[in-house]
Amino acid sequence: MIRPLWHRVRSFLRSLTGRIFLLLTIGMSLAAMLALLVAEHSRSRDFQSWRIQRVVASAEDIAHRLQRDPKRVEAMLASQQIMGAALAPEGIAVAEPDAALAKALRVRFGRGSNPEASQVPAGLCFPRQRYDPSVGAAGVVDAPRPSCWIVRFTDRTGARRSMALNLPRMERPASMMANPLYMLLIVIASAGLAIIVARIVAEPLRRLKHAAESFSLSLDPEEIPESGPEEVRAALSTFNVMQRRARAGFAERTQLLAAISHDLQTPLTRLRLRLELVENDDLRARLLQDHQAMQTLVKEGLDLAASTEAQEEWSVVDIDSLLESMVEDAQDLGAPLRFSGGCGGTIRVKPNALSRCISNLVSNAIKYGGEAEVGCSRQGGRVLIHIRDKGPGIPPDQLDQMFEPFTRGASGQPGGRPGTGIGLTIARSLAMTFDASVRLMNAEGGGLIATIEMKA
């Protein structure tokens with residue numbers, strides 16, 4: 001279970017889609033985390049700035065009150081009648097002055113104010129017996145003590161003022177960077193966007209890959225729609241031009257072969273008439289045998305030329321009915337052929353090309369194996385037509401060579417059964433016209449199996 005999954009993951013990551021996905025996921029995740037870190041830092045600075053502004057506003061308010069009515073305000077500060085402000089307790093030193101707060105106070109009070117400010121523990125400003133917010137506020141239970149600042153400055157009269165200012169304690173929100181849920185959400189969102197982008201980017205290459213596979217199986221595949229970015233359209237257009245030129249080359253070769261084979265028919269016919277006039281019976285028989293071999297070669301040359309043509313339209317056929325009818329026709333002609341079983345359903349093919357392909361393979365099987373059987377099966381969304389003979393088989397290292405023109409097995413060599421050696425070549429060419437392939441394999445227990453494989 002784990003091993004196949006790992007192989008699939010490794011295969012995905014080795015693909016272009018997988019690599020784009022991996023790079024985008026990592027890149028976007030790091031970019032999002034960096035942006036979040038910058039936002040956290042900015043929020044922290046804003047929080048500190050807001051606290052400084054509130055302390056400065058409180059200090060400025062008390063300074064204005066002292067300027068208008070110093071005695072009364074001093075008494076109110078001493079008795080803590082002004083909420084959020086009081087006289088600074090004696091003996092509290094500004095041990096760690098807040099430079100930013102002092103600078104803001106200097107801007108408000110002037111250069112000669114010589115301000116000093118520092119945050120101190122709330123217990124030094126408001127002993128617990130003198131400060132209990134739950135007594136004076138409804139619904140406040142175990143409320144934290146407010147934050148306290150000691151502020152000292154010289155006012156316009158030259159008097160040195162020292163006060164304790166407090167604000168409700170506000171805790172800075174916890175950093176989202178410390179929450180694994182946010183990090184997981186960022187990675188998931190990045191991965192989702194990355195897979196979409198990767199598939200979009202790799203789609204033209206997948207189309208090109210499928211087109212190349214189709215072209216390797218068929219000489220007449222459909223051209224790729226030239227859509228997408230400019231570079232993609234240029235690549236697809238170049239591939240379509242390549243397909244057209246390759247088809248033109250095959251067509252020219254086919255026409256040349258067909259023309260030669262056709263033009264040979266007339267002199268061969270005249271030659272046969274003249275051979276019939278040979279008086280020596282043995283010589284005439286040998287010459288006529290050679291003439292027949294030449295005529296067979298020309299005929300199969302025409303068949304090979306015709307096999308590369310792809311003018312036939314596609315149709316949907318019942319595969320079992322087609323195979324059964326071909327077997328029955330062959331049996332009516334006395335051929336040792338039987339139907340071993342069907343696979344059911346229909347397939348989209350070029351019917352005449354498929355029939356000719358099967359006929360060539362059956363003829364080849366009967367010629368070299370004495371008898372044959374035809375069957376059909378399905379495997380992984382593919383339809384496989386099997387033609388098995390009872391012959392001696394072919395050495396494994398020669399199986400692929402059998403599809404080369406004018407290549408024959410041992411039984412087709414001199415002294416064996418006659419043949420031109422292009423029957424399998426014709427069968428493969430015919431199969432390519434309907435996007436199928438033909439392969440050979442030796443059967444267990446003897447004999448050879450020729451398989452036509454095509455889309456279901």
Side-chain angles (χ1 to χ4, degrees), residues 34-133 135-137 140 143-178:
L34 180 61
L36 189 59
L37 186 62
V38 171
E40 291 285 343
H41 181 68
S42 177
R43 186 172 64 166
S44 177
R45 291 184 57 184
D46 291 343
F47 181 76
Q48 295 291 345
S49 175
W50 178 85
R51 289 205 309 177
I52 289 174
Q53 292 173 6
R54 299 317 306 157
V55 173
V56 170
S58 296
E60 188 176 19
D61 178 62
I62 298 299
H64 288 164
R65 294 187 185 199
L66 289 170
Q67 186 177 356
R68 292 194 300 269
D69 193 352
K71 291 184 178 181
R72 178 173 174 272
V73 174
E74 287 177 358
M76 293 176 68
L77 289 173
S79 59
Q80 296 186 4
Q81 295 180 11
I82 300 178
M83 184 177 293
L87 292 178
E90 296 181 0
I92 297 182
V94 180
E96 297 180 359
D98 189 328
L101 180 54
K103 181 179 179 181
L105 289 170
R106 187 178 297 110
V107 171
R108 293 293 182 92
F109 296 150
R111 292 181 177 274
S113 61
N114 297 321
E116 294 178 334
S118 176
Q119 187 175 1
V120 298
L124 298 178
C125 296
F126 308 99
R128 182 166 294 278
Q129 63 270 21
R130 299 177 56 190
Y131 178 82
D132 187 357
V135 175
V140 179
R145 292 189 174 192
S147 301
C148 180
W149 281 265
I150 299 297
V151 177
R152 294 190 176 98
F153 64 94
T154 303
D155 64 12
R156 295 181 180 179
T157 64
R160 190 68 176 173
R161 302 292 184 181
S162 180
M163 63 185 73
L165 302 176
N166 67 85
L167 293 173
R169 184 181 296 274
M170 295 186 63
E171 297 294 339
R172 186 170 55 186
S175 173
M176 288 186 292
M177 295 292 292

For Asn166 and Ala85 the tightest heavy-atom approach is ND2-N, 3.8 Å

Does any non-hydrogen side-chain atom of Leu101 lie less than 4.5 Å from one of Gln119?
no

4.5 Å side-chain heavy-atom contact, Arg152 and Pro97
no

Nearest-0.5 Å distance that lies between atom NZ in Lys103 and atom CG in Asp98:
12.0 Å

Between CG on residue Leu77 and CD on residue Glu74, distance to nearest 0.5 Å:
7.5 Å

Euclidean distance, Leu66 CG relative to Asp155 CG, rounded to 0.5 Å:
7.0 Å

Mind checking the CD-CZ spacing from Gln67 to Arg161? Nearest 0.5 Å is all I need.
10.0 Å

So do the side chains of Pro115 and Arg106 get within less than 4.5 Å of each other, counting heavy atoms only?
yes

Do the non-hydrogen side-chain atoms of Arg54 and Trp50 ever get within less than 4.5 Å of each other?
yes

Restricting to non-hydrogen atoms, name the atom on Ile62 and the atom on Leu165 that form the minimum distance, rounded to 0.1 Å.
CG1-CD2, 4.3 Å

Side chain of Asp69, backbone of Val73: donor and acceptor closer than 3.5 Å?
no

Do Ser118 and Ile150 come within less than 4.5 Å of each other through their side chains, counting heavy atoms only?
no

Within a 6.0 Å radius of atom CZ on Arg111, are there more than 12 heavy atoms belonging to other residues, nucleotides or ligands?
no

Separation of Leu105 CG from Asn114 CG (nearest 0.5 Å):
12.0 Å

With a 4.5 Å cut-off on side-chain heavy atoms, are Met163 and Trp149 touching?
no

Approximate separation, where rounding is to 0.5 Å, of Glu40 CD and Leu37 CG:
7.5 Å

Would you mind checking if Asp61 and Arg65 are paired as a salt bridge, meaning a charged N to carboxylate O distance below 4.0 Å?
yes

Arg156 and Phe109: side chain to side chain contact (heavy atoms under 4.5 Å, CB included), yes or no, with the steps?
CA-CA 9 Å; Arg156 295 181 180 179; Phe109 296 150; over 6 Å; no

Is a side-chain donor-acceptor pair under 3.5 Å present for Arg51 with Gln48?
yes

